[in-house]
Amino acid sequence: MRFLDPIRPAVGPEAAAKLTRDRYGVEGVVTPLYGERDRAFRVAVPGEPGMLLRVFSCEEEAARIAATVDALLHVAATDPEFVVPRPLPQRDGAYVSIVTGADGAVHHLLAVSWVPGAIIGDVAPMPDLLRDHGRSLARLGRALRGFYAPAFGTPFLWDVRQAPALLRHAGLLRPDARRTVTSAVETFAKRTLPGLAGLRAQIIHNDAGPFNVIVDPARPGRVAGIIDFGDMVHGSLAQDLSAAIGDMAVGARDSLETTAALVRGYGEATPLEEGEVEALFDLVQARLSLTVLISAWRRAARPSEENYITPLENDAAETMAKLDAAGRDRFTALARRAAGLPSLASHASVNDLLLRRQASMGRGLALFYDPPLHLVRGEGVWLEDASGRRYLDCYNNVPHVGHCHPHVVAAIARQAAMLNTNTRYLFGQAVDYAERLAATMPDGDWVCAFVNSGSEANDLAWRMAKAFTGRRGGICMEFAYHGITDAMEPFSPSADLGGGAHPHMRHLPAPDGFRGAVRYGEPDFAARYAAAADIVIDSLEQAGFGTAAFMLDSTFLTNGVLEVPPAYVQDVVAKVRAAGGLFIADEVQAGFGRMGEHFWGHAAYGVIPDMVTIGKPAGNGHPLGAVVARREIFQHFLARSAFFSTFGGNNVSCAAGMAVLDVMENEHLIRNAGETGAGLKAGLTRLAGKHALIGDVRGRGLCVGVELVTDRAALTPAAAETKRVLDLMRERGVLIGSEGVHGNILKIRPPMVLRPEHAERVVEALDECLARL
Ligand code: PMP
């Protein structure tokens, strides 16, 4: 292979001095430097930075040299502040010319500016300096992003992808080094090389090791610049970073610490992707294998240089052995942490993590499943656990447009990198989002107040309702849930453990046509349930509270995902309004198209609320809550209290909110919720014909409940069976939940990107589970 044993030019210091004078008009002190395959000279000029003169090996292609000049000029143009050597023109203006060596061979000549400062290999690099090294390499990569030259796409000796080809020289290695190198290269070829083509790639420096990174003479902890662009190739960013890690690890006090510092710094300038970090270990070992193999070959070919080559060969082999001893898992875990990626813990660590969680977060905190699911990744409708198993997520409505949707992730990252502040300053994101939310509302004059959660939104709406109406009584459904704050506790009987007395609160019986007082198909179904509102309103009047507001979750989720006729909600709202109260539509569950037909859940009932509250799905997992209120209600409140939420309406949350709305539109997710939801419900209803345990299937859009009963006539709730089904579904890789006073209703409420094929899988899995019971 070219360059394995290069013939170095027969050009000495005198000839170099003459070239400097003749071609550049520069008079200086010429000192020869070590060149691996060429002759390099430093030309010191008093009072000036001086230059570096390079006479290339005759094997070096003209195109590579010209491309190197172009790359340096490109960096000078894209990042003028970043220090790299600048190509120096000769007297005739050309950067490259031809010289003839003493032996008559013809070579190319190039001079670049000298970069002053010590090379990083000559100082003991502390973590801060290494971190800056990583950062500088990433910065150089960014400066080179838009550059391309075909010459860097051809096979090149110091390209890690050549390692498998060089393995044929492994016979030159000592037995222990041979074993290490052979295994590293074979593993690299099998595990990592095939995937490299899928990683971010561009023209890379490919040699940012101890000799080529210059420490700032004025600031010893900082890198001044990067030199020696002789090894550039078109390759992955991970390859560029791994070359630096491998070369810096040789002789380092602690190769893992060196790795962590370089990765951290690199990631600060260019956030690393999962695949890049996962590839690092094999890339580093392959890079070091190159060093060992090439050194061994040269040691054999040039015995005169043995003293120079052997230590590097031995040190590189020793570093490989040390890294092997540390292990890929530890190396990668450390690199992941340094890159800011979540850790991928092993199976064995589930217990460990559980114990640590109990110690640090308390014992009673609810956890789904036993053993619990240790999740590490999400994508669309999928969740992945620490062992790499994927689960179809049919429980989580928070990742509304799908787990980690790239559009939302990018919007969050972009805004987080730009500005994040609060609504006491003027900025566009909150206004844009408020306008866009208001545009989804029915006709009316709407304004937005931003908070961080559904509970907070409800709490604030409740405060506004009391302030606006001057009344203090509240109404919600029995077994409702509206949040965790002190004010929402009485609105959340489903979460009330001991039940404090809440004299200002009244609960309406759930209009449950399956097991309630009035059943499906009975005459005056809606009116008979709604009549309860008269009683509670009257009771609030009698008690001196009056009715400030009625709060309703349109999915009737905690009541067991009820399907309720519009007349019921219309009746209750009319009665509340007649009593001077407001209607707060809690759209934390029902909003954003969940019910598959309208943007808002309340629209399914043909009612217009006074306030809408949102949370969960709004930011796709990013904390974002809001109250959308009639203007006069909010203005009334603002006139009487200084409303401010530190995080509410911050730039990043609002950017997330905007991105969620984009995706909903672009991917037609409301329509999908309607269609896929209908298919899901139809499939589940078919199962009811087969499994007597299914008493009822109901819900709208992608919010479906399946009520399980052990006796269809007596409607005996099958609570234990419901719990068992959740576990069996988990075993089959499908995550669902349960609901209802009796805990006997399966709750299926997936991200809105659930597709018919996923829905089929849910039905199949449930079919199997019920058959097993
Ligand atoms: N309202 C409803 C209808 C909810 O389902 C929830 C959460 N389950 C909340 C309010 C409270 O939202 P958060 O947990 O964001 O405070």
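Remember, it's 1-based here, ligands and their atoms both numbered in the order they're listed. Nothing fancy with the numbering, it's 1 onward along the sequence.
For the side chain to side chain contact (heavy atoms under 4.5 Å, CB included) test, residues two or more places apart in sequence or in another chain that qualify with V741 are F479.
Contact between M611 and V627 at its shortest, heavy atoms only, is SD-CG1, 3.9 Å.
Remark: R519 fails to qualify as a cation-pi partner of F514 under the 6.0 Å distance and 45° angle criteria applied to the six-membered ring.
Although no hydrogens or angles enter the test, the distance criterion places no donor-acceptor pair under 3.5 Å between the side chain of N396 and the main chain of P399. Proximity of a side-chain donor or acceptor of D610 to a complementary backbone N or O of F583 within less than 3.5 Å is detected. Of the possible polar contacts, one joining the N420 side chain to the N651 backbone as a donor-acceptor pair under 3.5 Å is found.
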Dump the pairs for me: ligand 1 N or O, protein N or O, distance under 3.5 Å, to 0.1 Å.
{"from": "ligand 1", "atom 1": "1 (N)", "to": "D586", "atom 2": "OD1", "distance (Å)": "3.4"}
{"from": "ligand 1", "atom 1": "1 (N)", "to": "D586", "atom 2": "OD2", "distance (Å)": "2.6"}
{"from": "ligand 1", "atom 1": "5 (O)", "to": "Q589", "atom 2": "NE2", "distance (Å)": "2.7"}
{"from": "ligand 1", "atom 1": "8 (N)", "to": "K616", "atom 2": "NZ", "distance (Å)": "3.2"}
{"from": "ligand 1", "atom 1": "12 (O)", "to": "S455", "atom 2": "N", "distance (Å)": "3.4"}
{"from": "ligand 1", "atom 1": "15 (O)", "to": "G454", "atom 2": "N", "distance (Å)": "2.9"}
{"from": "ligand 1", "atom 1": "16 (O)", "to": "S455", "atom 2": "N", "distance (Å)": "2.8"}
{"from": "ligand 1", "atom 1": "16 (O)", "to": "S455", "atom 2": "OG", "distance (Å)": "2.4"}

